[in-house]
Amino acid sequence: MEEAGDNPNSLADSLKNRSLQSQLQRFLDGRTRNPRWSTLEPVARHYGVRVEAFLDDEAAETVGQARGFLGAAPSSSVDRAASSAPVSIRTAPRPLTVRELVVQLGAALSAYDLPARKAVGSLLADMANDPSDAPLAADRIERLLGEPGNEQRPKSSNSKGG
């Protein structure tokens, strides 16, 4: 936005979506950690990037470098690739196996309380019915775990779970 001379107001005007202004401002101010995909999608389309560039540091860095914002000057072929090719967000040198993903998910969820873990399990079960819903399930899981009351908590050593 800065490079294009835009701010949340001007961008919302350009996209003919005034309600987007306040959503963008909350995201930029850090008041919204997990904006909705539907909020970011028109912005990504406007700037010719994938939505992941707003949500993943590695994808953002790739786009920033390709566009010349971060260090190395882009070549035109790199710039085209950054705006149209899928951006890989995995950090492993090879695709993770389902087992590795499940183990990582279990470790990540271990710090959350039982109701939050059950809700994540339910969303994963829904995704199993239709794997194309994975991005939607991931978005819902991130929002769920970020909601007040679902923060990570140290596990209690007493039997009442308190």
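Start at 1 with the first residue, then count along the sequence. These values consider heavy atoms only, across backbone and side chains, with no hydrogens, waters or symmetry-generated copies. Since we're looking at a predicted model, the values are computed, not measured.
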For a 4.5 angstrom cut-off between non-hydrogen side-chain atoms, does Leu105 reach Leu124?
yes

If I take atom CG from residue Leu40 and atom CG from residue Leu20, how far apart are they, to the nearest 0.5 angstrom?
8.5 Å

Taking the side chain as every heavy atom from C-beta outward, state whether Tyr112 and Val120 have any atom pair closer than 4.5 Å.
no

Could you report the tightest heavy-atom contact between Leu15 and Pro42, atom names first, then the distance?
CD2-O, 3.9 Å

Any salt bridge linking Arg140 with Asp126? Criterion: basic side-chain nitrogen under 4.0 Å from a carboxylate oxygen.
no

Would you say the side chain of Arg36 lies within less than 4.5 Å of the side chain of Glu41, judging by non-hydrogen atoms?
no

Of all the heavy-atom pairs spanning Ser10 and Gly5, show the shortest one and how long it is.
OG-O, 4.4 Å

Do Leu136 and Met127 have side-chain heavy atoms sitting under 4.5 Å apart?
no

Looking only at heavy atoms, the pair that brings Pro8 and Leu28 closest together is CG-CD1, 3.6 Å

Within 6.0 Å of CZ in Arg99, more than 12 heavy atoms from elsewhere
no

Distance col, row Thr62:OG1 vs Glu58:CD, nearest 0.5 angstrom, shows 6.0 Å

Can you give me the closest heavy-atom contact between Leu123 and Ala137, atom names plus distance?
O-CB, 4.2 Å

Student check: side-chain heavy atoms of Thr97 and Val102 closer than 4.5 Å
no

Contact between Val51 and Trp37 at the side-chain level, heavy atoms closer than 4.5 Å - yes or no?
yes

Point-to-point distance, once rounded to the nearest 0.5 Å, from CD of Gln23 to OG of Ser38:
7.5 Å

Min side-chain heavy-atom separation Asn7-Gln21 under 4.5 Å
no

